[in-house]
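Remarks on the structure that follows.
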Amino acid sequence: MNYSKRGTDLRWKKKLIFSGVFIQESLLHSIMSRQFEINTKQWLLLVITRGFPTAPDLSSIARTMGCTRQNVKKLAQGLVDQGYIELKKSNTDARSTCIVLLPKGEAFCDKCEEMEEGVQDILFKDFTDEEIETFYRLNGKFNLGLNRLDMELNKGEEGKD
């Protein structure tokens, strides 16, 4: 395959960026799973849970993670089984289930916070401050595109039951 010729084609670059998102996620998952006994989605669930001022419900976590409530419940159950969290009925809505960090989950989040700056230093070592600002801005635009894609693809799902 002639990458040098395709490297100037904008359509080809879009394909590489798009596929690169999945490759990067897979690589990050592999790196994290070698370091921790939980996967990256479970790690994200713990970090997001800790970011709420009170124990969040499954639906709040799902909205934040960009996935379904059922997916969050499945991820959460694995963390319950390993002693990181517990699931409790909400004090304000008996229909809602909340995620409560246990001491093991708190300790894991503490460990992640200690590692965070070093990890970011490694990941962004080859970036200038300006490139980080640009990447941040472009990532925001990419997220807008994801939201637009979700809305567009869900148009065809409306009315299906």
Side-chain angles (χ1 to χ4, degrees), residues 17-154 157-158:
I17 291 169
F18 183 72
S19 62
V21 169
F22 298 102
I23 293 166
Q24 290 167 345
E25 189 277 334
S26 179
L27 184 55
L28 185 58
H29 177 78
S30 176
I31 292 166
M32 293 291 284
S33 66
R34 287 193 307 263
Q35 295 298 313
F36 303 111
E37 60 189 38
I38 64 175
N39 65 44
T40 51
K41 289 185 177 160
Q42 290 172 318
W43 166 82
L44 183 60
L45 187 149
L46 287 175
V47 171
I48 288 172
T49 298
R50 191 174 196 185
F52 279 84
T54 59
D57 64 17
L58 296 174
S59 296
S60 296
I61 295 292
R63 277 191 303 276
T64 305
M65 288 180 70
C67 62
T68 66
R69 184 186 176 284
Q70 292 79 11
N71 190 9
V72 169
K73 189 167 185 173
K74 184 178 177 183
L75 291 170
Q77 190 56 56
L79 292 169
V80 167
D81 295 344
Q82 295 179 66
Y84 287 93
I85 62 169
E86 67 179 339
L87 299 176
K88 286 188 169 182
K89 288 291 175 195
S90 169
N91 293 334
T92 57
D93 182 354
R95 298 170 296 166
S96 292
T97 301
C98 294
I99 298 175
V100 179
L101 285 175
L102 295 175
K104 184 176 180 180
E106 290 284 356
F108 178 83
C109 288
D110 288 342
K111 181 179 177 182
C112 287
E113 281 182 15
E114 290 173 12
M115 293 175 53
E116 188 175 321
E117 190 172 333
V119 168
Q120 291 172 2
D121 286 346
I122 292 167
L123 285 173
F124 293 101
K125 183 179 184 347
D126 298 319
F127 287 75
T128 65
D129 291 351
E130 183 180 319
E131 288 170 332
I132 292 169
E133 291 291 339
T134 300
F135 188 82
Y136 180 81
R137 207 173 53 258
L138 294 174
N139 193 55
K141 285 184 173 186
F142 190 78
N143 284 331
L144 289 173
L146 287 173
N147 291 334
R148 199 170 27 257
L149 177 63
D150 186 38
M151 288 175 21
E152 187 67 30
L153 294 178
N154 281 329
E157 298 296 314
E158 293 173 4

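Contact check for Thr97 versus Lys88: no side-chain heavy atoms found under the 4.5 Å cut-off. In this structure, the side chains of Glu25 and Thr40 come closer than 4.5 Å at one or more pairs of heavy atoms. The side-chain heavy atoms of Val47 and Glu113, taken from C-beta on, include no pair separated by under 4.5 Å. The shortest side-chain heavy-atom distance between Phe36 and Gln42 does not fall under the 4.5 Å cut-off. Under the 4.5 Å side-chain criterion, counting only non-hydrogen atoms from C-beta, Arg50 is in contact with Glu106. A heavy-atom distance below 4.5 Å is found between the side chains of Leu75 and Met65. Leu138 has its side chain out of reach of Phe142: every pair of non-hydrogen atoms, C-beta onward, lies at least 4.5 Å apart. Side-chain contact between Leu101 and Phe108: absent, with no pair of heavy atoms (C-beta onward) separated by less than 4.5 Å.
Between the CE atom in Met32 and the SG atom in Cys112 there is a gap of 5.5 Å [rounded to 0.5 Å]. Once rounded to the nearest 0.5 Å, the distance linking CD of Gln70 with CG of Leu58 reads 9.5 Å. To the nearest 0.5 Å, the span separating NZ on Lys111 from CD on Glu116 amounts to 14.5 Å. The distance from the CG atom of Asn139 to the NZ atom of Lys141 is 12.0 Å, given to the nearest 0.5 Å. Interatomic distance, Trp43 CH2 to Ile48 CD1, rounded to the nearest 0.5 Å: 8.5 Å. Of the inter-residue distances, the one linking Gln24 atom CD with Ser19 atom OG reads 9.5 Å to the nearest 0.5 angstrom.
With hydrogens and angles left out, the side-chain atoms of Arg63 and Ser59 include no donor and acceptor closer than 3.5 Å.
Sparse packing is recorded around CG of Asp129, with 12 or fewer heavy atoms of other residues, nucleotides or ligands lying under 6.0 Å away. The number of heavy-atom neighbours closer than 6.0 Å to CG of Asn91, taken from other residues, nucleotides and ligands shown, is 12 or below. Within 6.0 Å of CZ in Phe135 there are 12 or fewer heavy atoms belonging to other residues, nucleotides or ligands. Remark: Lys74 NZ is loosely packed, at most 12 non-hydrogen atoms of other residues, nucleotides or ligands lying under 6.0 Å away.
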**Item:** Test log, rule side-chain contact (heavy atoms from CB on, under 4.5 Å), inputs Thr134 and Arg137
**Value:** CA-CA 5 Å; Thr134 300; Arg137 207 173 53 258; 3.9 Å; yes

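For the side chain to side chain contact (heavy atoms under 4.5 Å, CB included) with Ile99, the lone residue among Leu46, Asp57, Thr49, Leu79 that qualifies is Thr49.
Closest heavy-atom contact between Ala76 and Ile85: O-CD1, 3.5 Å.
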